[in-house]
Amino acid sequence: MAQYYDKQIETMPREELVKLQSERLVWQVKRTYENVECFRKRMDEMGLKPEDIKGVEDLHRLPFSYKSDLRDYYPYGLFATPLSDIKRVHASSGTTGKRIVVGYTEKDLDMWGECVARIFTGAGIGKDDIVQVSFGYGLFTGGFGLHAGAEKVGALVIPMSSGNTALQIQTMIDFGATAICCTPSYALYIGEEVEKLGVKDQLKLKVGIFGAEPWSEEMRLQIEDKLGIKALDIYGLSEVLGPGVSYECPEQAGMHVCEDNFIAEIIDPDTGKVLPYGEKGELVFTSLTKEGFPVIRYRTRDICSLNVEPCKCGRTHLRMNKPQGRTDDMLIIRGVNVFPSQIEEVLLKVSGGNITPNYQIVVDRVNNNDTFDVNVEMSEAFFADEIKSIEKTEKLISEQLRSMLGIGAKVHLVNPNTITRSEGKAKRVIDKRKI
Ligand code: DLL
């Protein structure tokens with residue numbers, strides 16, 4: 001199999017790259033039409049046949065796909081191969097209690113590993129390196145995704161997963177980790193602890209690979225300083241692949257999209273019109289090589305712009321700028337995707353399905369850690385029945401939130417009419433983090 005992290009692919013002239021994308025797009029549209037009902041229906045409604053798509057120039061004619069499709073076809077309805085060919089699933093938060101599920105064939109897992117391997121080779125990490133993967137392992141794509149890429153470049157992998165910061169630091173020192181992979185906020189927290197312990201000079205770290213949440217240039221400088229490393233940004237989303245969709249090279253000037261596997265577009269989120277390179281809008285991806293769970297024109301809801309100017313590193317694959325927000329209300333708290341609608345669902349459940357109380361989510365960053373508070377107004381209707389004790393109710397809501405989201409929130413029952421009413425849409429989220 002071709003080495004996807006081979007320099008030849010990453011530095012392929014753009015005309016050749018577009019030709020390759022066109023061939024792959026034609027193949028992907030045809031097989032997705034044949035195997036995925038949701039896509040076929042949309043194409044039929046538009047009077048489009050797979051044969052109408054002759055190359056990248058026809059991409060804009062294809063229908064969009066959305067996160068809600070994953071909910072509507074939960075869990076396996078969007079897979080384009082028989083389930084017996086799917087070798088792994090991962091999952092991420094949906095807008096409601098149901099998680100969104102994605103699947104990978106053996107070839108997909110290999111391609112994923114190759115994409116992530118590009119991150120490491122770009123960062124100068126190879127067989128003599130020791131990579132500590134401190135992203136969560138499990139249904140989240142971070143842990144397993146980085147793990148596979150690090151193995152592909154022949155590095156020694158420490159599958160730490162997230163949490164237990166003291167042990168993270170001790171392991172880094174004892175095992176001689178030369179690279180660390182985690183969320184940037186966790187990296188900064190580790191950096192603070194390293195500073196407090198005064199052990200920076202015992203670290204062998206050269207580079208850090210960070211992503212899964214937005215972070216600023218200011219944060220990058222702090223992390224680089226505290227850990228004595230070069231900090232690189234990586235981007236991805238479960239629906240498209242997981243980590244490895246795009247990555248920074250050492251130039252640290254935008255993230256190269258693995259364009260042999262994914263086509264990126266920027267659209268106006270209101271009109272759906274494709275915008276020229278350089279303009280800011282919603283990022284949309286089409287997966288060209290993925291077999292198990294292909295996406296055609298998937299609306300990421302991330303806002304950013306694309307840069308097709310040649311990069312100093314020599315890679316020809318275009319670069320996306322750091323995402324600068326979202327078109328929906330998704331929050332990323334400690335690397336976990338959280339939708340206000342999920343919190344509503346929990347409150348509705350706790351109230352027995354009758355009423356959603358007035359609530360507000362407050363997110364902040366204290367000592368480089370995200371805080372997550374949910375204020376819930378007490379009301380006669382909500383608390384009439386068996387729920388009497390405030391403490392018990394707070395605990396109950398908090399437990400339900402943890403089981404829905406996978407992260408803990410501090411729940412506070414507050415007096416009626418204490419959450420400020422707004423004249424228009426209720427202001428459900430107060431995000432005080434300066435990112
Ligand atoms: O966060 C995959 C990932 C894992 C990426 C590890 C990088 C490292 P999801 O949980 O599906 O997948 O969340 C995807 O996270 O749509 C963005 O809004 C956000 N996101 C991911 N990377 C970045 C980044 C993983 N570098 C959602 N900068 C995406 C800003 C990011 N936002």
Side-chain angles (χ1 to χ4, degrees), residues 65-67 70-71 89-95 99-102 104 112-113 115-116 118-120 123 131 133-150 160-162 179-187 208-217 219-220 223 231-248 252 254-258 262 264 269 282-285 287 293 295 298-305 319-339 342 370 405-407 431 433 435:
S65 52
Y66 307 88
K67 193 159 196 150
L70 283 93
R71 183 193 61 214
V89 289
H90 279 281
S92 167
S93 307
T95 48
R99 310 195 106 214
I100 56 152
V101 180
V102 296
Y104 306 77
W112 187 11
C115 288
V116 176
R118 290 179 194 175
I119 304 175
F120 287 109
V131 177
V133 179
S134 306
F135 277 115
Y137 281 69
L139 287 175
F140 175 54
T141 53
F144 280 100
L146 270 297
H147 186 112
M160 269 308 276
S161 206
S162 51
I180 166 101
C181 317
C182 59
T183 58
S185 53
Y186 194 47
I209 312 285
F210 308 122
E213 64 183 9
W215 54 310
S216 60
E217 283 304 320
M219 234 171 124
R220 189 206 300 268
I223 297 170
L232 300 174
D233 194 4
I234 60 167
Y235 167 92
L237 62 163
S238 319
E239 300 91 304
V240 176
L241 183 74
V245 174
S246 69
Y247 60 97
E248 267 184 348
Q252 297 175 307
M255 293 180 271
H256 292 280
V257 173
C258 289
F262 308 102
E282 182 180 337
L283 184 60
V284 170
F285 279 111
S287 53
F293 182 87
V295 286
Y298 184 75
R299 306 270 303 249
T300 65
R301 303 291 174 196
D302 288 317
I303 310 252
C304 76
S305 59
R319 287 168 283 167
M320 55 177 269
N321 291 316
K322 273 182 182 297
Q324 291 160 10
R326 294 187 51 90
T327 63
D328 62 9
D329 54 4
M330 186 179 93
L331 290 157
I332 306 181
I333 305 173
R334 290 175 225 137
V336 175
N337 303 346
V338 174
F339 289 92
Q342 294 176 295
D370 287 340
L405 306 169
I407 54 166
D431 194 342
R433 295 172 297 185
I435 294 168

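Counting starts at 1 for both ligands and their atoms, in listed order.
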Spell out, as yes or no, whether a donor-acceptor pair under 3.5 Å connects the side chain of D370 to the backbone of R334.
-> yes

Going by heavy atoms in the side chains, are P184 and R220 under 4.5 Å from each other?
-> no

Strictly under 6.0 Å, is that where the ring centroids of Y104 and F293 end up?
-> no

Check: every ligand 1 N/O to protein N/O pair under 3.5 Å:
| from | atom 1 | to | atom 2 | distance (Å) |
| --- | --- | --- | --- | --- |
| ligand 1 | 10 (O) | N337 | ND2 | 3.3 |
| ligand 1 | 11 (O) | S238 | N | 3.0 |
| ligand 1 | 11 (O) | S238 | OG | 2.6 |
| ligand 1 | 13 (O) | N337 | ND2 | 3.2 |
| ligand 1 | 16 (O) | D302 | OD2 | 2.6 |
| ligand 1 | 16 (O) | R326 | NH1 | 3.3 |
| ligand 1 | 18 (O) | D302 | OD1 | 2.6 |
| ligand 1 | 18 (O) | D302 | OD2 | 3.4 |
| ligand 1 | 18 (O) | R326 | NH1 | 3.2 |
| ligand 1 | 22 (N) | A212 | N | 3.1 |
| ligand 1 | 26 (N) | D233 | OD1 | 2.8 |
| ligand 1 | 26 (N) | I234 | O | 2.7 |
| ligand 1 | 28 (N) | E213 | O | 3.2 |

To the nearest 0.5 angstrom, please state how far the CD atom of E248 sits from the CD1 atom of I119.
-> 11.0 Å

Report yes or no: does S161 contribute a side-chain atom to a donor-acceptor pair with the main-chain N or O of Y137 at less than 3.5 Å?
-> yes

Applying salt bridge (Lys or Arg N to Asp or Glu O under 4.0 Å) to D431 and not counting sequence neighbours gives R433

